[in-house]
Amino acid sequence: MPLYDLGLGSEKVHVVIEIGFYHTKIGFAGESGPRHIIRSYNVKSDNTVVNICNPKLTYEELVDELTKFVHSIYFRYLLTNPKDRKVLLCENFVQTVNFREALAHVLFKQFSVVGIMFTPSLPLALHPLGSPTGLVLNIGYTDSSAMCVYEGMVVLPSYNTVELGSLAHLKSIQKMITDGGEVKEGPNTYKADDFYTDLDMEVLEDIRARTCFSGKRPPTDNDAKSGTEATHRAVDMTYPMSDGQHLVINGKIRERSVEVLFDGDGDGNSVATLILDALLKCPIDCRAELAENILIIGGGSMLPGLTHRIKEEILALVAFSRFSALQGIKTFKFYKPNYPANIMSWVGGSIMGCVEHLHDRYVPREFYNSKGVATLPDWCSLAPQLKDNTAVSGSPSRRTSSPYRDFLASSTTLPPISNLALS
């Protein structure tokens with residue numbers, strides 16, 4: 001329990017929860033990092049694993065799994081009474097309706113929380129920077145997404161996503177190991193596909209974290225025609241396996257396995273084109289400022305050298321006719337925040353949970369019990385939820401109040417940001 005939670009007569013600090021497809025971050029508002037980062041799944045008695053974010057789960061199945069999951073959050077990790085605190089949920093911007101309604105039902109009906117506020121995770125990542133304007137790229141586990149925020153307001157048309165993330169990188173590592181990897185057993189060397197054709201995801205994650213990085217942009221087809229070959233500068237490494245053998249992770253796997261994020265999907269979209277497409281969908285007079293305030297977050301972005309690689313790819317793509325409207329932008333700058341990239345959204349939620357005058361953004365327990373799921377907003381940047389005792393729905397306009405704008409207006413001690421942007 002936080003030390004400042006001991007004061008008499010004051011409201012208990014809020015619980016901040018960010019549920020991702022693979023990891024969930026939990027903690028208390030006002031803290032500089034989550035108390036725990038746990039896997040987003042339940043383990044049944046027969047040792048089968050159920051991912052709570054699985055879109056194939058029905059509403060009834062979601063309620064059952066979320067009840068177990070939320071119970072472990074409160075009584076195993078946070079060790080606090082859920083009936084005493086409000087909950088701020090950092091959610092995926094396009095979270096399914098079934099999941100949101102099931103989660104609200106569990107929190108209100110099963111655990112009787114005081115109130116809930118749903119808030120999209122991408123704009124929250126700008127809170128720790130104290131910047132009202134920025135382009136946020138999130139490289140998650142199953143996909144990557146980008147969104148622009150200008151002067152505290154989300155530019156809705158700029159949101160885009162592509163199914164390329166950490167999972168695609170892990171599959172690329174597995175494929176390259178199967179195709180050209182080697183295994184050393186004493187003085188002997190064998191092909192990796194004779195032993196490790198289907199490594200566990202946890203092993204692949206460890207290989208990725210320990211050995212992989214993103215190098216310079218490889219030569220294009222035109223460079224290949226001129227005699228420039230696609231080389232790598234990484235040395236080979238050995239990874240000890242649990243069976244006593246040593247898996248050789250060659251330099252090509254270490255440096256080039258991440259290229260799957262830049263090769264794009266079938267439509268030519270990649271993590272780099274997400275940034276450029278987001279800029280194209282913004283008003284022309286906002287693009288230059290947004291291009292100088294790019295923030296990359298998510299666990300998949302923590303690979304060494306990835307930010308520099310994305311910048312190289314952006315500068316190369318701008319020359320294509322698809323992005324000719326952006327050729328006037330000469331500078332792209334990226335933030336280097338003081339918090340790990342994988343918890344930036346959670347830290348933003350922690351800051352937002354401390355703003356007292358945002359209490360009308362929460363859906364209270366009594367209001368939910370009387371009105372039901374109709375009280376749940378599509379997203380939090382709307383007019384106050386309790387105004388005239390009616391839940392407000394629809395997209396915000398420039399004149400619509402939002403908790404993010406209210407937060408910026410009330411914050412007078414934000415950290416300086418002049419030293420955060422990298423050229």
Side-chain angles (χ1 to χ4, degrees), residues 16 18 29-30 32 88 90-91 93 117-138 145-160 274-298 301 307 329 331-339 341 343-361 377 379-384 395-423:
V16 181
E18 181 186 0
S32 60
L88 189 148
C90 314
E91 65 166 356
F93 192 77
M117 179 166 72
F118 291 93
T119 177
S121 59
L122 290 182
L124 284 179
L126 292 174
H127 287 198
L129 304 178
S131 174
T133 298
L135 191 160
V136 184
L137 170 66
N138 176 41
S145 55
M147 174 183 286
C148 294
V149 179
Y150 192 79
E151 292 299 329
M153 293 301 296
V154 171
V155 184
L156 284 173
S158 68
Y159 180 82
N160 199 6
L274 283 180
I275 294 177
L276 298 177
D277 284 333
L279 290 174
L280 284 174
K281 294 177 182 178
C282 292
I284 191 171
D285 56 340
C286 303
R287 294 174 183 174
E289 187 174 356
L290 288 167
E292 294 183 354
N293 292 272
I294 301 175
L295 175 64
I296 303 179
I297 63 173
S301 68
T307 299
I329 301 177
T331 305
F332 291 88
K333 293 183 179 180
F334 296 79
Y335 280 111
K336 185 178 180 181
N338 294 328
Y339 295 95
I343 66 169
M344 283 294 292
S345 293
W346 188 95
V347 174
S350 175
I351 296 173
M352 194 171 184
C354 296
V355 181
E356 294 182 359
H357 79 278
L358 295 182
H359 66 276
D360 59 352
R361 305 291 174 172
W379 59 306
C380 81
S381 293
L382 303 171
S395 300
S397 66
R398 182 71 180 178
R399 295 171 292 177
T400 302
S401 175
S402 77
Y404 185 54
R405 292 177 66 89
D406 294 345
F407 165 76
L408 292 172
S410 66
S411 301
T412 58
T413 59
L414 292 173
I417 62 172
S418 58
N419 62 334
L420 293 177
L422 295 178
S423 60

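Keep in mind that what you see is a predicted model, and the values were worked out from it rather than measured.
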Quick check: closest heavy atoms across [X] and [Y], and the distance to 0.1 Å?
X	Y	value
Pro128	Ala125	CD-O, 3.3 Å
Thr133	Glu151	OG1-N, 3.1 Å
Ser131	Asn293	OG-OD1, 4.3 Å
Pro157	Lys281	O-CD, 2.9 Å
Ala291	Ile329	CB-CG2, 3.7 Å

Please round to the nearest 0.5 Å and tell me the distance separating atom [atom1] of [X] and atom [atom2] of [Y].
X	Y	atom1	atom2	answer
Lys333	Leu295	NZ	CG	15.5 Å
Leu156	Met147	CG	CE	6.5 Å
Asn160	Leu280	CG	CG	11.0 Å

Going by side chain to side chain contact (heavy atoms under 4.5 Å, CB included), Ile297 matches just one of Leu137, Leu124, Asn138. Which one?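 Going through the options one by one, the only one that passes is Asn138.
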
Taking Leu135 as the fixed residue, which of Ile275, Val149, Leu274, Leu126 is the one that meets the side chain to side chain contact (heavy atoms under 4.5 Å, CB included) rule?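 It is Ile275; the other options fail the test.
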
Is there a side-chain contact between Pro123 and Val136 in this structure, where contact means two heavy atoms from C-beta onward sitting under 4.5 Å apart?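 They are not in side-chain contact.
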
Is the backbone of [Y] close enough, under 3.5 Å, to the side chain of [X] for a donor and an acceptor to pair up by distance?
X	Y	result
Arg361	Met117	no
Ser345	Ser121	yes
Ser158	Cys148	yes
Thr119	Cys90	no

Show your working on side-chain contact (heavy atoms from CB on, under 4.5 Å) between Val347 and Ser32 and close with a plain yes or no. CA-CA 6 Å; Val347 174; Ser32 60; over 6 Å; no

Hey, mind stepping through Ile294 and Tyr335 against side-chain contact (heavy atoms from CB on, under 4.5 Å) and telling me if it holds? CA-CA 6 Å; Ile294 301 175; Tyr335 280 111; over 6 Å; no

Any chance you could lay out the side-chain contact (heavy atoms from CB on, under 4.5 Å) test for Val154 and Tyr159, step after step, and finish with the verdict? CA-CA 9 Å; Val154 171; Tyr159 180 82; over 6 Å; no

Partners meeting side-chain contact (heavy atoms from CB on, under 4.5 Å) with Ser350 (sequence neighbours left out):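 Counting only residues at least two positions away or on another chain, Ser350 forms a side-chain contact (heavy atoms from CB on, under 4.5 Å) with Trp346.
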
side-chain contact (heavy atoms from CB on, under 4.5 Å) partners of Cys354, counting only residues at least two apart: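 Residues passing side-chain contact (heavy atoms from CB on, under 4.5 Å) with Cys354: Ala29.
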
Give the intermediate values and the outcome of side-chain contact (heavy atoms from CB on, under 4.5 Å) for residues Met344 and Leu129. CA-CA 9 Å; Met344 283 294 292; Leu129 304 178; 4.2 Å; yes

